[in-house]
Amino acid sequence: MERKNAEIVIIEDEEDILELLEYHLGKEGYDVTGFLSADNVERFMEEESPALLIVDRNLPGVEGSEFVASMREIGYDTPVIFLTAKDKESELEEGFKRGGDDYITKPFNTKELLLRVEALLRRSGVKQSDKLRYRDLILDNQSRELYIDKRKIDLTNLEYRLLYTFVKNAQQTLQRDFLRDEVWGDDSDHFHDKTINVAINRLKKKIDPFGEKGYFVPIWGVGYKLG
């Protein structure tokens, strides 16, 4: 049976922060739904069962911790992380008393937030999925399969390792030596200068046969990065 990704709801009225959180959590393999206010969240939760809420306290219409307190009264026990500029001791205490499970103050460190999300999900018994997402790519690391728009794409083991390495390091320039060691490993004794080019071109033909998506960006004299 396929394991479903842990679903996370973010309520954050600053669009740039919301997009940043959606990107980083999505990259870690979570299913993410973002809201700019709390208006439609209760309706969403009636139909879905998210594993975690990340809630800003300074929301339009209703203060974030008041919204969480009202959800707790209804009976929702979904874990909540408050992400907010309210950092006074009395405000932290208020957040926890109204149903928060963890509290991160702005400005925040993205890596710390991801670790706290993972820890809270672990404590609440939610196991992180083996799936990794990037744009329209979904890599299932348990079955080592790739899906694009729910359609399975057949890859060789080497092609899967190559794509997985790029997705795990999205937006970073990967040097040829790094790719050789990560993907080819012990087989790199038979490695030639053009091996990476050939492998990437074969992979591109499978995941982007019409050359429209620009997944791989060559960095002259260095290597490649995922676009």
Side-chain angles (χ1 to χ4, degrees), residues 3-129 131-138 149-150 167 170-171:
R3 287 166 60 191
K4 181 170 169 39
N5 291 7
E7 185 170 21
I8 296 176
V9 167
I10 305 168
I11 315 174
E12 168 60 65
D13 68 331
E14 293 184 55
E15 284 193 54
D16 54 343
I17 294 179
L18 180 60
E19 288 175 4
L20 178 74
L21 291 170
E22 287 176 332
Y23 169 75
H24 284 288
L25 289 164
K27 185 181 166 188
E28 291 297 309
Y30 299 107
D31 281 337
V32 186
T33 302
F35 294 89
L36 291 168
S37 73
D39 289 350
N40 297 307
V41 176
E42 185 178 342
R43 187 182 309 160
F44 176 84
M45 291 182 67
E46 287 174 359
E47 300 174 2
E48 302 285 336
S49 299
L52 176 69
L53 299 179
I54 297 176
V55 183
D56 182 15
R57 288 190 61 182
N58 293 312
L59 294 173
V62 61
E63 200 269 358
S65 68
E66 291 178 4
F67 168 74
V68 170
S70 69
M71 296 299 285
R72 293 285 187 251
E73 287 178 13
I74 295 171
Y76 287 100
D77 59 358
T78 309
V80 171
I81 296 177
F82 285 120
L83 180 64
T84 177
K86 293 188 173 185
D87 59 357
K88 294 178 183 175
E89 188 173 326
S90 60
E91 291 170 329
L92 266 68
E93 183 179 351
E94 182 181 59
F96 281 113
K97 283 186 174 180
R98 287 178 174 173
D101 297 277
D102 203 348
Y103 207 104
I104 300 176
T105 55
K106 297 177 181 177
F108 61 93
N109 178 285
T110 304
K111 183 64 176 175
E112 180 188 352
L113 183 139
L114 292 173
L115 290 171
R116 285 175 178 262
V117 164
E118 186 179 342
L120 186 50
L121 289 174
R122 190 167 58 244
R123 289 200 301 272
S124 60
V126 177
K127 211 171 181 184
Q128 168 60 334
S129 170
K131 289 178 182 165
L132 197 63
R133 290 173 176 246
Y134 184 80
R135 289 172 55 180
D136 59 351
L137 306 173
I138 300 177
D149 296 327
K150 297 184 179 179
V167 172
Q171 307 300 333

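If you're wondering where the values come from, they're calculated on a predicted model, not measured in any experiment.
- The OG1 atom of Thr33 sits 11.0 Å away from the CD1 atom of Ile11 when rounded to the nearest 0.5 Å.
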Intermediate values then yes/no, side chain to side chain contact (heavy atoms under 4.5 Å, CB included), Leu21 and Val32 = CA-CA 9 Å; Leu21 291 170; Val32 186; over 6 Å; no
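- For the pair Met45 and Tyr76, the tightest heavy-atom approach, listed with the atom from each and the gap, is CE-CD2, 3.7 Å.
- Looking at Val80 and Arg72, their side chains come closer than 4.5 Å, going by heavy atoms from C-beta outward.
- Of all heavy-atom pairs spanning Ala51 and Pro79, the tightest one is O-CD, 3.3 Å.
- The shortest side-chain heavy-atom distance between Thr84 and Ile104 does not fall under the 4.5 Å cut-off.
- In this structure, Thr110 OG1 and Tyr23 OH are separated by 10.5 Å, a value rounded to the nearest 0.5 Å.
- Here the closest non-hydrogen pair linking Ala38 and Val62 is CB-CG1, 3.8 Å.
- In this structure a side-chain-to-backbone donor-acceptor pair under 3.5 Å is present from Glu91 to Lys88.
- Counted within 6.0 Å of CD on Glu112, heavy atoms from surrounding residues, nucleotides or ligands total more than 12; the atom is thus considered enclosed.
- Nearest approach of Phe67 to Glu42, heavy atoms of both residues: CZ-N, 4.5 Å.
- A donor-acceptor contact shorter than 3.5 Å is absent between the side chain of Asp101 and the backbone of Ile81.
- The side-chain heavy atoms of Tyr30 and Glu118, taken from C-beta on, include a pair separated by under 4.5 Å.
- The structure places CG of Leu113 at 11.0 Å from NZ of Lys111, a figure rounded to the nearest 0.5 Å.
- The heavy-atom pair separating Val55 from Val68 by the smallest distance is CG2-CG2, 4.2 Å.
- With hydrogens and angles disregarded, no donor-acceptor distance shorter than 3.5 Å links the side chain of Glu93 to the backbone of Glu89.
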Side chain to side chain donor-acceptor pair (under 3.5 Å) between Arg57 and Tyr103, intermediate numbers included | CA-CA 10 Å; Arg57 288 190 61 182; Tyr103 207 104; 3.1 Å; yes
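- Aromatic pair Phe82/Phe96: ring centres not closer than 6.0 Å.
- Side chain of Glu12 to backbone of Glu14: a donor-acceptor contact under 3.5 angstrom is found.
- Between Phe44 atom CZ and Asn40 atom CG the span is 11.0 Å, to the nearest 0.5 Å.
- In this structure, Lys106 and Leu83 approach most closely via the heavy-atom pair CE-O, 3.7 Å.
- With a 4.5 Å cut-off on side-chain heavy atoms, Val9 and Pro50 count as touching.
- Considering OH of Tyr134 and CG of Asp136, their distance stands at 10.5 Å, rounded to 0.5 Å.
- In this structure, Glu63 contributes its side chain and Glu66 its backbone to a donor-acceptor pair below 3.5 Å.
- Between Leu52 atom CG and Ile8 atom CD1 the span is 5.0 Å, to the nearest 0.5 Å.
- In this structure a side-chain-to-backbone donor-acceptor pair under 3.5 Å is missing from Arg116 to Leu120.
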